[in-house]
**Student:** 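Before I ask anything, let me first share the structure, which is written out below as structure tokens.
Throughout, residue positions are numbered sequentially from 1 according to the sequence presented.
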Amino acid sequence: MKSRKYSDFINMELETLQRDLNAAKDSLAKLRFEHKVKGLSNPATIPALRREIAQMNTELTKRKKYQINITYISFISMLRNLRKQRIGVVSSNKMDKTIAVTIQQRMLHPKYGKYVKKNKKYYAHDENNTCGIGDLVKIMETRPLSKMKCWRLVEVIKKGE
């Protein structure tokens, strides 16, 4: 049995991948039974087959989770759409090309059952220094730009007073 690489599974059609996965599971069950009954000449085929099944399951899960078809959407553009976005209020714009955005959440306290306000401050990159204090903005996750800044300004939703 020739083992396949993960890249082979990425390029497969969804139906072919599902069919190969079912066939691999059947052959694994037969191999295990044969190994218990009379032993295998090469027992290393079982871990190799389990690895292939795990890789096929990984690819299937990825496709089902993100509802993509590899032939139409590139993997890079899919990852770009998975970036986190937050909406908050600018609390400081004193830094050059950086804003501090405060995001307030209401969370249900696990023990007491009351709603508690939680504040979280994010530092975001503002290329043109367009934001003022009190603006309602949308920020998006990005690569680390400095020690504390890994968000960027997407848009100013509402200007503050």
**Student:** Can you tell me how far the NZ atom of Lys25 sits from the CG atom of Asp20, to the nearest 0.5 Å?
**Tutor:**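 Output value for this atom pair is 12.5 Å.
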
**Student:** Got Leu49 and Arg51 here, is their nearest side-chain heavy-atom distance under 4.5 Å?
**Tutor:**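 Result no, sub-4.5 Å side-chain heavy-atom pair not found.
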
**Student:** Would you say that more than 12 heavy atoms from the other residues, nucleotides or ligands in this model lie under 6.0 Å from the CE of Met95, or not?
**Tutor:** yes

**Student:** So, for Thr45 and Asn42, which heavy atoms are closest and what is the spacing to 0.1 Å?
**Tutor:** OG1-O, 3.1 Å

**Student:** When clusters are formed by joining ILVMFWY residues with side-chain heavy atoms under 4.5 Å apart, either directly or through shared neighbours, do Ile99 and Val89 land in the same one?
**Tutor:**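 Per the 4.5 Å side-chain linkage, Ile99 and Val89 are not co-clustered.
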
**Student:** Is there a side-chain contact between Leu60 and Leu14 (heavy atoms, below 4.5 Å)?
**Tutor:**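 Yes; the side chains approach each other to less than 4.5 Å.
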
**Student:** How long is the span from the OG atom in Ser91 to the CD atom in Gln104, to the nearest 0.5 Å?
**Tutor:** 12.0 Å

**Student:** I'd like to know if the side chain of Asn129 pairs up with that of Asp96 as donor and acceptor (distance under 3.5 Å, no hydrogens or angles considered).
**Tutor:**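 A donor-acceptor contact under 3.5 Å links the two side chains.
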
**Student:** Any heavy-atom pair between the side chains of Arg86 and Ile139 that's under 4.5 Å?
**Tutor:** yes

**Student:** Counting neighbours of CD on Gln105 that are heavy atoms of other residues, nucleotides or ligands and sit closer than 6.0 Å, is the number greater than 12?
**Tutor:**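 Not buried by this count: 12 neighbours or fewer within 6.0 Å.
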
**Student:** Against the six-membered ring of Tyr115, is Lys117 placed for a cation-pi contact (under 6.0 Å from the centre, within 45° of the normal)?
**Tutor:** no

**Student:** Between Thr130 and Leu153, is there a side-chain heavy-atom distance shorter than 4.5 Å?
**Tutor:**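 Heavy-atom side-chain distance check passes, below 4.5 Å.
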
**Student:** What is the minimum heavy-atom distance between His35 and Leu40, and which atoms define it?
**Tutor:**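 Shortest heavy-atom contact: ND1-N, 3.5 Å.
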
**Student:** For a side chain to side chain contact (heavy atoms under 4.5 Å, CB included) check, start with the C-alpha distance between Met148 and Tyr122, then their side-chain angles and the critical distance, and finish with the verdict.
**Tutor:** CA-CA 8 Å; Met148 294 168 50; Tyr122 296 98; over 6 Å; no

**Student:** Show, in sequence, the C-alpha distance, side-chain angles and deciding distance for Glu155 and Lys138, and conclude whether the salt bridge (Lys or Arg N to Asp or Glu O under 4.0 Å) test is met.
**Tutor:** CA-CA 5 Å; Glu155 64 175 315; Lys138 181 190 280 189; 3.7 Å; yes

**Student:** List the steps, then state whether salt bridge (Lys or Arg N to Asp or Glu O under 4.0 Å) holds for Asp126 with Lys97.
**Tutor:** CA-CA 5 Å; Asp126 179 13; Lys97 296 187 178 183; over 6 Å; no

**Student:** If every non-hydrogen atom of Cys150 is compared with every non-hydrogen atom of Pro144, which pair is closest and at what distance?
**Tutor:**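 Answer, listing the atom of Cys150 first, then Pro144: CB-CA, 4.0 Å.
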
**Student:** Are side-chain heavy atoms of Val137 and Cys131 found at a separation under 4.5 Å?
**Tutor:** yes

**Student:** Does any non-hydrogen side-chain atom of Leu28 lie less than 4.5 Å from one of Ile46?
**Tutor:** yes

**Student:** What closest approach, in Å, do Ala124 and Val101 show between heavy atoms, and which atom pair accounts for it?
**Tutor:** CB-CG2, 4.5 Å

**Student:** Walk me through whether Leu17 and Met56 qualify under side chain to side chain contact (heavy atoms under 4.5 Å, CB included).
**Tutor:** CA-CA 7 Å; Leu17 189 61; Met56 284 189 246; 3.8 Å; yes

**Student:** State plainly whether one hydrophobic cluster holds both Tyr123 and Val156, where clusters connect Ile, Leu, Val, Met, Phe, Trp and Tyr through side-chain heavy atoms under 4.5 angstrom apart.
**Tutor:**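 In one cluster: no.
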
**Student:** Taking C-beta and beyond as the side chain, do Arg50 and Arg32 meet within less than 4.5 Å on heavy atoms?
**Tutor:** yes

**Student:** Keeping the roles fixed (side chain from Asp135, backbone from Val90), state whether a donor-acceptor pair exists under 3.5 Å.
**Tutor:**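 Side chain of Asp135 to backbone of Val90: no pair is present.
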
**Student:** Quick check: are there more than 12 heavy atoms from other residues, nucleotides or ligands sitting under 6.0 Å from NZ of Lys120?
**Tutor:**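 Incorrect, the count does not exceed 12.
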
**Student:** Is there a side-chain hydrogen bond (donor to acceptor under 3.5 Å, both in side chains) between His125 and Lys149 once you walk through the steps?
**Tutor:** CA-CA 7 Å; His125 185 68; Lys149 189 165 62 169; 3.1 Å; yes

